Amino acid sequence: VVSSFIMNAAGDHFFAGTDKSNIYLVCLSTFEHELRATCHYDKIYDVAFPRGYSELFATCSANDIRIWHARTRNELLRIQVPGLTCLCVAFMPDGKSIVSGWDDGKIRAFRPQTGKLMFVINDAHVGGVTAIASTSDCRRIVSGGEGGQVRVWAIDRQSQKMIASMKEHKAPP
């Protein structure tokens with residue numbers, strides 16, 4: 001939904017802003033358009049940098065994970081899961097995947113250059129995955145859940161298996 005617009009000084013293009021926080025430059029004669037600026041339109045739940053590399057970072061919010069170029073502030077990749085909220089995001093130390101926790105209780109891993117889904121851990125937590133991290137050898141993921149659980153997952157290309165679950169972490173009522 002277009003929420004605002006303004007003509008440029010030459011009168012041949014206009015900028016259109018949307019309710020999803022996108023700004024487009026639109027040619028008045030052809031209506032060809034180009035996305036010029038974007039940002040999340042809802043709360044940001046997490047921010048993560050790849051290990052040892054400060055040129056890129058990831059943010060997560062309602063419906064998506066976005067990968068940004070830090071210097072230019074341009075969005076490089078948008079990974080969308082419609083109807084869900086991403087609550088946490090992390091880059092695996094080897095840079096080969098992005099792991100994320102979602103409000104449907106699933107952990108999802110994506111390829112960092114394409115956003116292609118690599119694997120899903122179903123029923124990782126009841127109510128939502130609120131924290132996620134990886135071991136330095138990339139063989140395990142540690143996740144935190146809305147109900148106070150901490151779980152450790154052994155991961156490889158073919159399988160993801162829970163190897164420990166702790167319930168001692170309790171959020172205040």
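Residue numbers count from 1 along this sequence. Source: prediction; values computed, not measured.
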What pairs meet the side-chain hydrogen bond (donor to acceptor under 3.5 Å, both in side chains) rule with one or both residues in residues 107-119, with sequence neighbours excluded?
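The answer is D104-R108.
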
Residue pairs fulfilling side-chain hydrogen bond (donor to acceptor under 3.5 Å, both in side chains) with at least one residue in residues 83-100, sequence neighbours excluded:
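As it turns out, the side-chain hydrogen bond (donor to acceptor under 3.5 Å, both in side chains) pairs with a partner in residues 83-100, which skip direct neighbours, are S100-W102.
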
Hydrophobic clusters here meaning ILVMFWY residues chained together by side-chain heavy-atom distances under 4.5 Å, can you tell me if [X] and [Y] are in one?
X: F49; Y: I132; value: no
X: I79; Y: V120; value: yes
X: L117; Y: I121; value: no

Not counting sequence neighbours, which residues clear ring pair (Phe, Tyr, Trp, His ring centres under 6.0 Å) with H33? List them please.
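Testing H33 for ring pair (Phe, Tyr, Trp, His ring centres under 6.0 Å), a comparison that skips the adjacent residues, returns Y24.
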
Considering residues at least two apart in sequence or located in another chain, which fulfil the ring pair (Phe, Tyr, Trp, His ring centres under 6.0 Å) criterion with F119?
none

Test item: [X] side-chain N/O and [Y] main-chain N/O as donor-acceptor pair under 3.5 Å:
X: R66; Y: D64; result: no
X: S3; Y: G17; result: yes
X: N8; Y: D12; result: yes
X: K106; Y: G128; result: no
X: D103; Y: L84; result: no

Listed partners of [X] passing side chain to side chain contact (heavy atoms under 4.5 Å, CB included), at least two apart:
X: S4; value: none
X: T30; value: C27, E32
X: P50; value: Y53, L56, F91
X: N74; value: T72

Minimum heavy-atom separation for [X] and [Y], please, with both atom names.
X: R151; Y: S165; value: NE-OG, 3.1 Å
X: G115; Y: L77; value: N-CD2, 3.7 Å
X: R140; Y: A154; value: CG-CA, 4.2 Å
X: M7; Y: F14; value: SD-CB, 3.7 Å
X: D46; Y: C88; value: OD2-CA, 3.5 Å

Applying side chain to side chain contact (heavy atoms under 4.5 Å, CB included), run through M92 and I155 and close with a yes or a no.
CA-CA 12 Å; M92 293 295 281; I155 60 167; 3.6 Å; yes

Within the supplied structure, the quantity of interest is the number of heavy atoms (other residues, nucleotides, ligands) at a distance under 6.0 Å from N122 CG; does it exceed 12?
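Buried by this count: over 12 neighbours within 6.0 Å.
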
Heavy atoms from other residues, nucleotides or ligands near CD1 of I6 exceed 12 (cutoff 6.0 Å):
no

Which ILVMFWY residues are connected to V126, directly or by a chain of links, through side-chain heavy atoms under 4.5 Å apart?
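None; V126 is a cluster of one.
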
Hydrophobic cluster of L87, others only, ordered by chain and residue number, side-chain cut-off 4.5 Å
Y45

To the nearest 0.5 Å, what is the distance between [atom1] on [X] and [atom2] on [Y]?
X: R51; Y: S134; atom1: CZ; atom2: OG; answer: 7.5 Å
X: T59; Y: E75; atom1: OG1; atom2: CD; answer: 8.0 Å
X: C60; Y: I67; atom1: SG; atom2: CD1; answer: 10.0 Å
X: I65; Y: R78; atom1: CD1; atom2: CZ; answer: 12.5 Å

Sequence neighbours excluded, which residues qualify as salt bridge (Lys or Arg N to Asp or Glu O under 4.0 Å) partners of R139?
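Expected list: none.
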
I want to check something: taking the side chain as every heavy atom from C-beta on, are M166 and Q149 in contact at a cut-off of under 4.5 Å?
no

Side chains of F31 and V26: closer than 4.5 Å at any heavy-atom pair?
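Yes, close enough: below the 4.5 Å cut-off.
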
Test side chain to side chain contact (heavy atoms under 4.5 Å, CB included) on V89 and F110; report intermediate values, then the result.
CA-CA 11 Å; V89 64; F110 301 94; over 6 Å; no

The side-chain hydrogen bond (donor to acceptor under 3.5 Å, both in side chains) partners of S143 (sequence neighbours excluded) come to H125, W153

